[in-house]
There are 2 protein chains.
Amino acid sequence: MLWMENMQNVSEEYNQNIWEPNYVFENEEYSWAMDELYDNDCSSSPDGAPASASLSNSNNILSERNRRKRLNQRLFALRALVPNITKMDKASIIKDAIDYIQQLQEQEATLQADIMELENNNNNNPKNHDLPMLLTSKNTNVFDSPIQLLQLNVTSMGDNTLMVSITCTKRADTMLKLCQLFESLNLKIITANLAVVSANLFNTLFIRADEEEKEELKMQIQTAIAAFNGPQTPITI
Amino acid sequence: MLWMENMQNVSEEYNQNIWEPNYVFENEEYSWAMDELYDNDCSSSPDGAPASASLSNSNNILSERNRRKRLNQRLFALRALVPNITKMDKASIIKDAIDYIQQLQEQEATLQADIMELENNNNNNPKNHDLPMLLTSKNTNVFDSPIQLLQLNVTSMGDNTLMVSITCTKRADTMLKLCQLFESLNLKIITANLAVVSANLFNTLFIRADEEEKEELKMQIQTAIAAFNGPQTPITI
DNA sequence: ACGCACACGTGAGGC
DNA sequence: TGCCTCACGTGTGCG
């Protein structure tokens, strides 16, 4: 019944691995969602299992651990969006999110009804509201000057945060084009910084995204710039 | 290792318990979240375990099974609320819910701003159609979401530097419009910073200009925003 | 073969 | 004590 005792080797490397999910957690109550991150080797299985099985087993364990970690990060990110949270249970987090979504949905319906009523009330303005407006159909007004990219880096900062650092030559409407590009990519920008030094434009922005989307994001930015510039592409990096 | 074979007694009562979570599920693909619902008694443990331990153990198993079932039901209910779902992963469900909540939040901000705008439009009769209407060459793709200015400060930092601090509600294309506006004013931007907090957008930029242009610059920005938003202006500061 | 996503049983820890 | 929630390792099934 109790033939497997590979637990509780946590205490030493716990303190250096506890910050690896990078959710800050200054308050120490309710600190589940990060009770993992110790990699035991799990060698020498009691029955004479061969080494290959042990290796694949270890991979499975690690993969499953990462999966649980991702799920908990997402759940915690979901919890961060809901304003009125009652309990920190996993089930309660999802329940509160459900209630909040329903509340937002009916509030949206109410607001839209109010808008329609107000629009009908003053019968002299013929404006129409088109709200959904997905991406990729708004950059039809590229005229001439392309974005000349000098450097592009995407690094993971932890805490579901990616830092994008872009350097390009400053010419007319470059910043405008970059903004257009960022909006088209639907990035969740936390903070953006821009510095102009002589004729160069240094742009640093922090984006809320999963850490594993790093390379994907870099490729997205590159292809977006390429698509923005048109058929001829002076990307040099 | 394989001393416990209490699986696969599902087939009879599966059909009457499958509808117990009350989510309809007419399509039969992706039907996880309901792979449980068999209550085995688990009596007569093979080793001579006492009856109390066996009973508490069985209760634990059953309770844990119910907990998992509740969690999956909630997750599935959450998934039912989100319109645009990509994958049926647990992690993807939570991710899509997160994106949807954020989208609903900014849409709510947009709609509330629209309501305020419409109410101002109802109260105020046309009186300011004498706006300078600069820029006008590139804003052919402005739909109808204006910049809702919450705060605007211009302070002199000395050394021919002015600091402009702008707060407005974050909605779609707000940053793009601000960039367009700044470019149209031909400002000599040294450094610009942008922070997004919930549904607000905080913008701070340092501009190379004479100190006596402070009030003039503030007026320029205000009138530019007014011109950008169109005839009706919901400036509240 | 390999990886991924899941449900399961189990022990630990908190009220 | 029992009840509840969680993380863990494991087995299974699918692409």
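Letters A, B, ... mirror the listed sequences (proteins, then strands); counts begin at 1.
Shown here are the side chain to side chain donor-acceptor pair (under 3.5 Å) partners of D210(A), two or more places apart in sequence or in another chain: R74(A). With sequence neighbours excluded, the residues satisfying side chain to side chain donor-acceptor pair (under 3.5 Å) with E64(B) are R67(B). Residues passing the side-chain contact (heavy atoms from CB on, under 4.5 Å) test with K218(A), sequence neighbours excluded: L152(A), N153(A), V154(A), E215(A), Q222(A). Legend: residues meeting side chain to side chain donor-acceptor pair (under 3.5 Å) with S165(A), ordered by chain and number and at least two apart, are Q151(A). Scanning for side chain to side chain donor-acceptor pair (under 3.5 Å) contacts around Q105(A) gives Y100(B), with sequence neighbours left out.
Atom CG in L62(A) sits roughly 15 Å away from atom C1' in dC2(C) (whole-Å rounding). Taking atom CZ on R68(A) and atom P on dT10(D), their separation rounds to 11 Å, with Å as the unit. For the pair R74(A) CZ and dA5(C) P, the interatomic distance rounds to 10 Å; values are reported in whole Å. The NZ-C1' distance, from K69(B) to dG9(C), rounds to 18 Å in whole Å.
K95(B) has a carboxylate O that lies under 4.0 Å from a charged side-chain N of E213(A), or vice versa, which qualifies the two as a salt bridge.
At the phosphate of dG9(C), OP1 or OP2 sits under 4.0 Å from a side-chain N or O atom of R65(B).
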Report, one pair per line, the protein and nucleotides 1-5 of chain D atoms (nitrogen or oxygen only) whose separation is under 3.5 Å.
{"unit_1": "dT5(D)", "atom_1": "OP2", "unit_2": "R70(B)", "atom_2": "NH2", "d": "3.1"}

